[in-house]
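Below, chains carry the letters A, B, ... as their sequence lines are ordered, and counting in each starts from 1. When reading the values below, keep in mind they use all heavy atoms of this one structure, side chains included, and skip hydrogens, waters and symmetry mates. A quick note: this is a predicted structure, and the numbers were derived from the prediction, not measured.
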Number of protein chains: 2
Amino acid sequence: MANEIPNAFYAQSGGVTAVINASAAGVIETARQHPDRIGKVYAGRNGIIGALLEDLIDTSLESDEAIAALKHTPSGAFGSCRYKLKSLEENKAEYERLIEVFRAHNIRYFFYNGGGDSMDTAHKVSMLSERMNFPIQCIGIPKTVDNDLPITDNCPGFGSVAKYVAVSIKEAAFDVASMAKTSTKVFVLEVMGRHAGWIAAAGGLAAEREGDAPHVILFPEIPFDQEAFLARVKHAVETWGYCALVVSEGVRTADGQFLSDAGTTDAFGHKQLGGVAPLIAQMVKQHLGYKYHWAVADYLQRAARHIASKTDVEQAYAMGKAAVEMALAGKNAVMPTIERLSDAPYRWQVGEAPLSAVANVEKKLPRDFITADGFGITEKARRYLQPLIEGEDYPPYVNGLPYYVRLKNILVPKKLPEDFTL
Amino acid sequence: MANEIPNAFYAQSGGVTAVINASAAGVIETARQHPDRIGKVYAGRNGIIGALLEDLIDTSLESDEAIAALKHTPSGAFGSCRYKLKSLEENKAEYERLIEVFRAHNIRYFFYNGGGDSMDTAHKVSMLSERMNFPIQCIGIPKTVDNDLPITDNCPGFGSVAKYVAVSIKEAAFDVASMAKTSTKVFVLEVMGRHAGWIAAAGGLAAEREGDAPHVILFPEIPFDQEAFLARVKHAVETWGYCALVVSEGVRTADGQFLSDAGTTDAFGHKQLGGVAPLIAQMVKQHLGYKYHWAVADYLQRAARHIASKTDVEQAYAMGKAAVEMALAGKNAVMPTIERLSDAPYRWQVGEAPLSAVANVEKKLPRDFITADGFGITEKARRYLQPLIEGEDYPPYVNGLPYYVRLKNILVPKKLPEDFTL
């Protein structure tokens, strides 16, 4: 047993992205290049839950071709989860179970691919391994469409959502512009970003010259001012003939309440069905009388691998690869980061951050990325965002549809006598 | 004047598509190849309104490169409109004005690019030309994302929306599937098609093997049966772990009422803000308790030139080209059609239909395209739909965004003394 080559555990955590599987490919392909150091990569089925339940997928049974196809497959190939481990004090049993499972399967590397909460979990596992005298190297792999992790210049997953939103508002605005004379004058696109306006800001990239859409962006960082907003919409329609808006789902009133929670109910007394786009559109209609249309991109934006950013795909892969290389270099409790060297031409390199500095820190959109009036992005924001949507990386197509791989996901035989209750 | 080479009028009508500009390119490029027969192509600004207001764009002032770029530019490059000419009896003045404008600008070809209403208008103009002894050849060019024109096997614009919807539900379903264990179990995508379920049906192409999404499609043609619907959703979640749905905006109750008009109002007593997806999602939550997400694609679907069907782009161009060739062949009151020769391999050719047979006829989704239970598509539908989404035809990209052309749209000097009031 002692001479056996140690195995690795890899899991995907939280909301998935168009490129998180590229990170998985980076981990698995790099591990496969070091069979003397890393035995097998076991993936947790449905994220960390897979470790707790000893529900482990043997990725060594997947072909090289299947693993390569992960680079162009959205979603979490092994299943992800929304499951936050409690603090060590609150639920020591969970952490002990993790170590028990790792010990049973000779897992000595722990790769956790997620956002702020996940980096916190990875950090806790690394502390636990010291405390329980079970050597395991914990490496975080950044991932979030929200782009809100600290230290790293940006997060894999964000660039592709950013590209999707910028392309979508550009296209929809072309549509509206061509019909505005006799039809829809106001179009509202709702995008993700409950707490930070990075995704909404990315919509601003579509505006390449004066008068271009989006004419208004509503950020979670800027309290919603109905009067100023309506004046702005009116001005756009009167100046350009139409108004195309990008609205963050997280836009709030001055008292911090989500606009989408503003208390509307339907005829049955149910809470309003959600979606700030219809609310905003209705407000415009009511006060300005303009005909409107609205769209809610929801999961389409974070799943849209068909229009992924090439930069994003490359960075996601690089993070997975770097994580394995850091583990092989003997590192622990760290996360690879993206370090920007220059904006134009865009150059970046892999950096490193301690998990303790990443865990639970949320990076908001800086105020100087938003114009003074609160409705647009600044040149500084544009310089930051533009490289992240750069490049196309199309998946292969079969019968007019993207070919996305589905792995065999064959489970590793269980070794522990007991089941674990979540 | 009599010896002058006659000019052509071209206009875009109704809701735009990802490929209507490819038809425009087909018209203009083909006309340019026959300078001895066609002088200039004047485009109506904002569709037929441009003819009524003598608001004509001189397309001869656009470069060959700009016209070629129309092939990959969504929306209506000259502006479209929602403006239905009344019947000849009701508003003869409008038709007379058209002839007056055409006479003033020596326009002898009338190309009208639109759906059923537009073919009706083109037909009326052709009748008027006879009655008023003003020779003008009227050729319709089919266009509609709704795919509801008769005679032609399919309509340019539809294939690209179909591809967008099939790709989007496939991608979103991958996302949902990977998170379903601990998060969203039901995902609803609302698509266009107020009166016919062609677009919703196209979502069915994403289901390539058993258990694939969409697990449920709701068509306007099938009265909504809440009990059967909920049972179906429950079955999908229990069998596959999740349920991804495509819902047509036009889904109706048994009494013919749109489900989205089902009388919900918000706290202020306003009518519910629209969108059948949130309604359906809420219904699932209320009766089955599943966590849901929903998206409304709205204009994103018909503007999505970035993921256009190559087949669709080619057909749109071919229709514009054929229209000019028909005019040159002395034809009148006809519309080029797409004739399917075989499903697999897909082969098609240009056909011809009289405008009188096309005008105001709406082609619904045949019942045998929908499964007996009303929630899916049949093999017959699949054979019909599949070729229409075949092939990718990506636009060029600059700075991570598609490059879409904006024409100069320089107006032709007015010749008539009077303004016309719409």
So, taking the atom named [atom1] in [X] and the one named [atom2] in [Y], what distance separates them when rounded to the nearest 0.5 Å?
| X | Y | atom1 | atom2 | value |
| --- | --- | --- | --- | --- |
| Leu52(B) | Tyr83(B) | CG | OH | 6.0 Å |
| Lys170(A) | Leu205(A) | NZ | CG | 11.0 Å |
| Asn113(A) | Gln12(A) | CG | CD | 6.0 Å |

When [options] are compared by non-hydrogen pairs under 4.5 Å with chain B, the top option:
| options | answer |
| --- | --- |
| Gly76(A), Ala77(A), Ala18(A) | Gly76(A) |
| Gly47(A), Ala295(A), Gly15(A) | Ala295(A) |
| Gln386(A), Lys285(A), His306(A) | His306(A) |
| Thr182(A), Leu422(A), Val398(A) | Thr182(A) |

Where does [X] contact chain A at under 4.5 Å (heavy atoms): side chain, backbone, both or neither?
| X | value |
| --- | --- |
| Glu208(B) | side chain |
| Ile49(B) | side chain |
| Phe187(B) | side chain |
| Leu388(B) | neither |
| Arg406(B) | side chain |
| Asn399(B) | both |
| Ser183(B) | side chain |
| Thr17(B) | neither |
| Glu390(B) | both |
| Tyr346(B) | neither |

- [ ] Start with the C-alpha gap between Asp175(B) and Arg302(A), add the side-chain angles, then the distance that decides, and say whether salt bridge (charged side-chain N to carboxylate O under 4.0 Å, His left out) holds.
- [x] CA-CA 8 Å; Asp175(B) 184 317; Arg302(A) 73 181 200 191; 2.6 Å; yes

Open item on the list: With chain A as the partner, which of Gly391(B), Ser309(B), Cys81(B), Ala177(B) has the greatest number of non-hydrogen pairs under 4.5 Å?
Closed with: Cys81(B)

Task: Among Thr73(B), Thr184(B), Thr311(B), residue most engaged with chain A (heavy-atom pairs, under 4.5 Å) - done: Thr184(B)

Do you know the tightest heavy-atom contact between [X] and [Y]?
| X | Y | value |
| --- | --- | --- |
| Ile169(A) | Gly203(A) | CG2-O, 3.7 Å |
| Val145(A) | Gly157(A) | CG1-O, 3.8 Å |
| Ser80(B) | Val16(B) | CB-CG1, 3.6 Å |

TODO: Give, as side chain, backbone, both or neither, the part of Leu189(A) having an atom under 4.5 angstrom from any heavy atom of chain B.
DONE: side chain

Task: Residue that, paired with Arg305(B), satisfies side chain to side chain contact (heavy atoms under 4.5 Å, CB included) out of Pro402(B), Pro395(B), Ser75(B) - done: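 The side chain to side chain contact (heavy atoms under 4.5 Å, CB included) with Arg305(B) is passed solely by Pro395(B) among Pro402(B), Pro395(B), Ser75(B).
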
TODO: Verify whether the ring centers belonging to Tyr394(B) and Tyr394(A) lie closer than 6.0 Å.
DONE: yes

Open item on the list: Tell me whether the rings of Tyr404(A) and His72(A) are parallel (<30°), tilted (30 to 60°) or perpendicular (>60°).
Closed with: tilted

Open item on the list: Check this for me, if you would: do Lys310(B) and Asp393(B) make a salt bridge, where the nitrogen-to-carboxylate-oxygen distance has to be below 4.0 angstrom?
Closed with: no

